[in-house]
Amino acid sequence: MTRISRHPVRRGLKHVVLIAAALVMLYPVIWMLVSSLRPDEAIFRGEFFSLSDLSFDNYRDGWNALRHPFGHYVINSVIITGGAIIGNLVSCSMVAYAFARLKFRGNKVFFAIMLMTIMLPVHVLLVPQYVLFSALDWINTPLPLIVPKLLATDAFFVFLMVQFIRGIPRELDEAATIDGAGPLRVFVKIILPLTVPALATTAIFTFIWTWNDFLGPLIFLTDSDAYTVQLALRSFIDASGGGGGSSWGSLFAMSTVSLLPIFLVFLVGQRYLVRGIATTGGR
Amino acid sequence: MGRRPTRDRRPLSARDKKEERAGFAFLSPWLVGLFVITIGPMAASLYLSFTDYSFLDSPEWIGLENYQRLFSDTRFHQAIGVTFRYVIVSVPLQLVVALLVAIVLDRGIRGLALYRSAFYLPSLIGGSVAIAILWRQIFGADGLVNWALALIGIEGRSWIANPDTALGTLIVLNVWTFGAPMIIFLAGLRQIPAMYYEAAGVDGAGVLRRFWNVTVPILTPIIFFNLILQLIGAFQAFTQAFIISGGSGAPSDSTLFYTLYLYMEGFGNFSMGYASAMAWVLVVIIGAFTLINFIASKYWVFYDD
Amino acid sequence: MCPTRRQVLTGAAALAIGGGLASCRGGGDGDGLVIDYGWWGSPEKDDAVFAAIDAFEAATPDIQIEGEATPWDGYWDKLATMSAGGSPPDVIHMSERYILEYGERDALVDLRDLDGIDVDTLDEMILGLGESGDGALYAVPAGLNTFILAANVELFNEAGVDLPDDSTWTWSDFYEISAALAESGIVGAGYGFGIESFRPWLHQHDETMYNEDGTAAGFSHEVLVSYLEHLLTMREHGGPTADQVSEYAAVPSEAGLFSTGQQGMEWVYSNTLGERSEAAGAEMRLLRIPSQTGAAADAGMYYKGSEFYSISAHSDPEEQAAAAQFVNFMVNDSDAIQEIGMIMGVPPNREVVEEISDDLDEIDQHVQEFVTDLEADLTVEAPGPSPIGSGNIQGIFDRDVLELLYDRATPEETAEKIIQGINSELG
């Protein structure tokens with residue numbers, strides 16, 4: 001596993017299998033990509049494999065179809081997503097360190113409460129949350145989508161990092177403690193560098209989930225100027241069965257556009273996944 | 001959770017006190033979040049579960065009526081059945097696929113970044129509105145699956161339409177978006193110090209033995225984490241079923257997930273009190289499953305602390 | 001005025017949330033009143049509505065309209081949440097399905113109580129579409145449509161089938177035509193099963209969907225069974241298979257069999273003909289519903305309000321008055337209708353429709369003429385808004401009729417299940 005297989009045929013075979021698997025996996029994505037290049041009326045009628053009449057019209061139309069150019073919604077999403085990532089990285093790693101390494105009364109009880117907070121379906125929380133945020137006068141600002149992240153309400157990531165920190169040999173921080181380092185120093189100097197893969201995971205997931213979130217922005221942003229990419233994408237579809245109709249070509253084109261940033265973030269971010277103990281050499 | 005030095009009853013030493021203060025300091029963002037943002041709405045929903053509440057009228061206290069109604073609600077029973085089938089099949093399946101792919105994509109081949117991204121891409125669009133259409137391109141009567149079956153001379157049917165197979169296509173959809181656990185496994189694999197493998201290599205362990213004796217034990221905290229998270233996620237599965245069934249649990253309630261029904265009752269039928277009761281019953285169900293897993297984890301999850 | 005029901009969440013909730021005070025929205029910022037108007041839409045509709053808003057603001061400089069376009073997926077969740085928080089938009093775009101849910105819970109004002117709206121421009125029958133049983137006018141239609149049959153003219157030609165004379169045809173003509181279409185290798189006619197196509201059938205048998213108070217099904221077991229058997233007859237005469245029905249049930253109409261040119265006739269809302277015709281790339285025509293007798297007046301057809309305007313009871317009187325002015329403009333002013341056109345159905349104000357009808361494109365003209373001419377054949381009272389608790393009833397039809405089409409239940413069993421389901425939703 002640590003070496004590249006020396007057998008060229010076996011290595012080639014591995015690639016063939018992987019590429020074939022990737023193609024099957026990606027078939028829907030490819031279908032979407034091709035459809036984004038077709039006129040609306042050909043999307044559901046045309047023969048899929050006839051690749052004639054392709055054009056970038058949907059990209060131009062979709063970009064300009066809504067109240068603002070599509071880039072406007074991308075920027076809105078980037079702001080909210082950026083805030084959420086920073087919030088989660090800072091708060092969740094701190095809290096996870098407390099749960100995983102520090103002794104304090106009620107540790108287990110708090111941990112159980114934390115897990116419980118992610119077991120309640122979000123739908124029944126919307127109304128009370130809306131009332132809360134509107135009492136704080138936060139409706140129609142990005143605050144309801146960012147501030148909770150700064151307060152580690154995404155228990156998922158706390159749990160994730162707790163598991164990773166517990167995988168770090170305890171001798172490492174004990175050695176530092178004996179050398180006179182306090183908890184803050186241990187956290188910054190020992191724990192954080194060794195949890196880079198977990199931090200990268202947190203950043204990637206926060207990015208994707210916030211980017212793809214529909215319900216939160218829907219409820220907390222009322223002004224369509226503040227809409228995020230997901231809200232903008234849904235605006236292409238009129239599911240009411242009423243007049244006006246849906247713009248599928250635009251939807252597919254702009255879905256592709258909105259996938260690009262996530263894909264790039266992932267492509268870059270996944271490098272940090274590989275910088276674990278193994279590559280930094282451990283102790 | 002795991003092994004921890006048993007706390008004795010002696011008064012805390014100065015060092016312990018200092019550590020406790022540090023503990024709460026590090027915990028403070030979450031504590032603030034809990035009391036300012038999380039607890040209020042949660043308590044509100046618990047309260048509403050004992051009321052008749054329609055959004056527009058003030059909630060009216062009805063005691064346990066909502067909970068009693070669950071016993072006789074046949075659609076609720078259907079939703080429980082659908083959800084359990086979904087959880088039991090799709091969670092292990094997705095975890096196994098994610099782990100295997102993660103191991104293949106851990107290291108040792110060219111183009112790793114591209115492969116990883118390709119295998120992750122489906123997770124990015126798994127919750128998009130477009131998936132309603134895309135999934136029909138695979139499991140519809142004219143979809144990819146039937147095209148492949150026709151090549152070997154089998155006439156397929158509309159997998160997504162038939163009440164017997166519709167849930168299966170959603171399970172496949174969930175497995176298809178194995179990217180998230182895969183990433184977490186990849187990150188976990190990176191935490192395994194190379195020296196462990198070297199030690200095993202010196203002993204002349206084969207690939208499979210090395211997998212069982214080195215990789216899996218060290219990965220158990222991460223496997224456990226993924227298991228818990230997928231479990232919670234699968235019990236709450238909503239978006240994909242909502243989009244693919246058009247929000248109805250169609251065909252014939254065969255994809256009527258727990259939270260989908262909860263949503264239909266709450267928002268579609270203005271029965272937010274009843275929906276809240278359902279939500280808290282779900283918390284109890286998930287909580288029980290999680291607790292069982294935490295207890296069981298003492299026997300198979302190995303922490304380094 | 002902040003909502004009086006501000007303690008929406010009392011007890012523990014209110015304690016934790018600090019009284020559950022909802023912030024008031026709207027109100028002036030110095031120069032003139034700002035009115036929020038929320039609707040669901042598509043890019044095309046949003047453009048049209050924003051253009052109408054601009055026209056209103058130009059004509060009424062002291063009132064500003066803050067438009068909030070929300071995708072249909074989510075519109076109702078958001079409206080419910082905002083209403084619970086005491087801050088829905090001042091002008092609310094409504095659907096027939098939710099008028100009474102909101103109106104009877106005191107969330108909407110009786111529009112007749114406001115001076116700004118002139119409703120005398122509209123027919124009594126049209127106003128009835130947004131009226132409660134007690135005569136409170138909670139909503140005025142933004143447009144009219146009807147659930148009716150549509151034919152793909154090109155597929156008729158290809159199959160060598162003549163378009164029927166829809167003012168005299170009967171159900172047996174319908175079966176024959178559907179079967180003849182199917183001969184050419186396409187699907188004949190869809191079922192359109194559910195509340196909207198069941199209603200004409202009920203009217204043809206002198207029954208109604210709901211009882212007088214809207215607390216139970218208003219029809220007999222026998223008539224429902226006859227309707228279900230009629231669906232099975234349609235299946236034998238070129239109707240789609242259960243798999244086909246199920247596969248396309250949840251996809252948007254553009255992707256369905258009819259809109260992709262694989263089905264000769266389909267049940268549609270009249271205002272969607274244009275987009276379907278465009279999707280199929282084929283000429284399409286609306287057809288009256290067949291009757292038992294061969295007279296269109298006996299077919300039991302009715303108008304439906306496709307979309308409505310309502311005004312929030314949470315807004316203060318000054319805002320309500322301004323909102324009323326705006327709704328009046330949207331319904332009665334040709335400047336507004338000029339922009340909106342047929343996108344929400346045929347505008348309810350006759351005079352205004354006449355002013356714009358020459359500017360419509362061919363298919364919109366056909367729809368407009370068809371819907372307008374239809375009035376001569378409407379002999380039953382148009383059904384009012386759906387009763388409280390009826391939100392899931394279409395879902396009951398979808399579920400139980402599919403079981404029937406899969407031959408997993410008999411018409412008798414299906415009818416029993418449907419009636420039981422409806423009564424427990426409404427009861």
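All values below were derived from every heavy atom in this structure, side-chain atoms included, with hydrogens, water molecules and symmetry-related copies excluded. Below, read A as the first sequence line, B as the second, and so on, with proteins coming before strands; counting in each chain starts at 1.
- No part of I165(A) comes within reach of chain B, as not one of its non-hydrogen atoms sits under 4.5 angstrom from that chain.
- If you measure heavy-atom distances from F267(B) to chain A, the contacts under 4.5 Å come from the side chain alone.
- For a residue to count as touching a neighbouring chain, one of its non-hydrogen atoms must lie under 4.5 Å from one of that chain's; by this rule L120(A) touches chain B with backbone and side chain alike.
- Contact annotation for T202(A): neither backbone nor side-chain heavy atoms come within less than 4.5 Å of a heavy atom of chain B.
- Contacts with chain A were tallied for M272(B), K18(B), M278(B); M272(B) has the most, counting heavy-atom pairs under 4.5 Å.
- Among all heavy-atom pairs drawn from P121(A) and L282(B), the shortest one is CG-CD2, 3.5 Å.
- Neither the backbone nor the side chain of W211(A) comes within less than 4.5 Å of any heavy atom of chain B.
- The shortest distance between side-chain heavy atoms of W31(A) and I138(B) does not fall below 4.5 Å.
- Taken from NZ in K103(A) to CG in D16(B), the straight-line distance is 5.0 Å, to the nearest 0.5 Å.
- Contact check for T38(B) versus L151(A): no side-chain heavy atoms found under the 4.5 Å cut-off.
- Chosen from F110(A), Y97(A), F263(A), the residue pairing most often with chain B at heavy-atom distances under 4.5 Å is F110(A).
- Taking all atoms of both residues into account, the shortest heavy-atom contact from P41(B) to P128(A) is CA-CB, 3.5 Å.
- Residues V122(A) and Q236(B) are not in side-chain contact: their nearest non-hydrogen atoms beyond the backbone lie 4.5 Å or more apart.
- A donor-acceptor contact shorter than 3.5 Å links the side chain of N212(A) to the backbone of L124(B).
- Using a 4.5 Å cut-off between heavy atoms, F178(B) touches chain A through its side chain atoms alone.
- Comparing N226(B), I125(B), V284(B) by how many heavy-atom pairs each has under 4.5 Å with chain A, the most go to I125(B).
- A heavy-atom distance below 4.5 Å is found between the side chains of F238(B) and H123(A).
- In this structure, the separation between OG1 on T201(A) and CG on L186(B) is 8.5 Å, given to the nearest 0.5 Å.
- Between atom CG of residue L18(A) and atom CG of residue L105(B) there is a gap of 6.0 Å, rounded to the nearest 0.5 Å.
- With hydrogens and angles ignored, the 3.5 Å screen pairs no side-chain donor or acceptor of W30(B) with any backbone N or O of S91(A).
- Aromatic pair F156(A)/F225(B): centroids less than 6.0 angstrom apart.
- Contacts of L23(A) with chain B are absent, with no heavy-atom separation under 4.5 Å from either backbone or side chain.
- Nearest heavy-atom pair across T117(A) and M42(B) is CG2-SD, 3.8 Å.
- For the atom pair CG (L136(A)) and CD1 (I37(B)), the distance works out to 8.0 Å, reported to the nearest 0.5 Å.
- I228(B) touches chain A through its side chain: at least one heavy atom from C-beta onward sits under 4.5 Å away, while N, CA, C and O do not.
- Here the shortest heavy-atom pairing between R110(B) and H15(A) reads O-CE1, 3.4 Å.
- Residue with the most contacts toward chain A among V104(B), V32(B), I222(B): I222(B) (heavy-atom pairs, distance under 4.5 Å).
- The distance from atom OG of S45(B) to atom CG of L125(A), rounded to the nearest 0.5 Å, is 5.5 Å.
- L219(B) does not touch chain A: none of its heavy atoms, backbone or side chain, sits under 4.5 Å away.
- When heavy atoms are compared at a cutoff of 4.5 Å, I184(B) approaches chain A by way of both its backbone and its side chain.
- Contacts between L262(B) and chain A at a heavy-atom distance below 4.5 Å involve the side chain alone, from C-beta outward.
- Using a 4.5 Å cut-off between heavy atoms, I133(B) contacts chain A through its side chain alone, with no backbone atom that close.
- With contacts defined as side-chain heavy-atom distances shorter than 4.5 Å, the pair F104(A)/F26(B) does not qualify.
- Contact annotation for A25(B): only backbone heavy atoms (N, CA, C, O) come within less than 4.5 Å of a heavy atom of chain A.
- Comparing A180(B), S49(B), A22(B) by how many heavy-atom pairs each has under 4.5 Å with chain A, the most go to A180(B).
- Taking the six-membered ring where the residue is Trp, Y120(B) and F266(A) present parallel rings, their angle staying beneath 30° rather than reaching 60°.
- Of the listed residues (V90(A), V29(A), V158(A)), the one with the most heavy-atom contacts under 4.5 Å to chain B is V29(A).
- Note on F133(A), F252(A), W209(A), F205(A): by heavy-atom pairs under 4.5 Å with chain B, the leading option is F205(A).
- The contact between L34(B) and chain A is made entirely by side chain atoms (from C-beta outward), counting heavy-atom distances below 4.5 Å.
- Neither the backbone nor the side chain of A96(A) comes within contact range of chain B; no heavy atoms are under 4.5 Å apart.
- Checked by atom type and distance alone, the side chain of E20(B) pairs as donor or acceptor with a backbone atom of R105(A) at under 3.5 Å.
- Each of R234(A), E174(A), M94(A) has some count of heavy-atom pairs under 4.5 Å with chain B, and the biggest count is that of M94(A).
- Using a 4.5 Å cut-off on side-chain heavy atoms (C-beta onward), F214(A) and T239(B) make no contact.
- In this structure, N293(B) places its CG atom where more than 12 heavy-atom neighbours from other residues, nucleotides or ligands lie under 6.0 Å away.
- Side-chain contact between P28(A) and W176(B): present, with at least one pair of heavy atoms (C-beta onward) separated by less than 4.5 Å.
- Taking G247(B), A113(B), G287(B) one by one and counting their heavy-atom pairs under 4.5 Å with chain A, the maximum is reached by A113(B).
- The shortest side-chain heavy-atom distance between R166(A) and F302(B) does not fall under the 4.5 Å cut-off.
- Only the side chain of L251(A) comes within less than 4.5 Å of a heavy atom of chain B; its backbone N, CA, C and O stay farther away.
- Considering all non-hydrogen atoms of both residues, Q163(A) and P221(B) come closest at NE2-O, 2.9 Å.
- Ranked by non-hydrogen atom pairs under 4.5 Å with chain B, the options I19(A), I208(A), V95(A) are led by V95(A).
- E19(B) approaches R101(A) most closely through the heavy-atom pair OE2-O, 3.5 Å.
- Note that the CE atom of M119(A) and the OG1 atom of T290(B) stand 3.5 Å from one another [nearest 0.5 Å].
- When each of S255(A), P183(A), S258(A), A112(A) is checked for heavy-atom pairs under 4.5 Å with chain B, P183(A) comes out on top.
- Only the side chain of Y115(B) has a heavy atom closer than 4.5 Å to any heavy atom of chain A.
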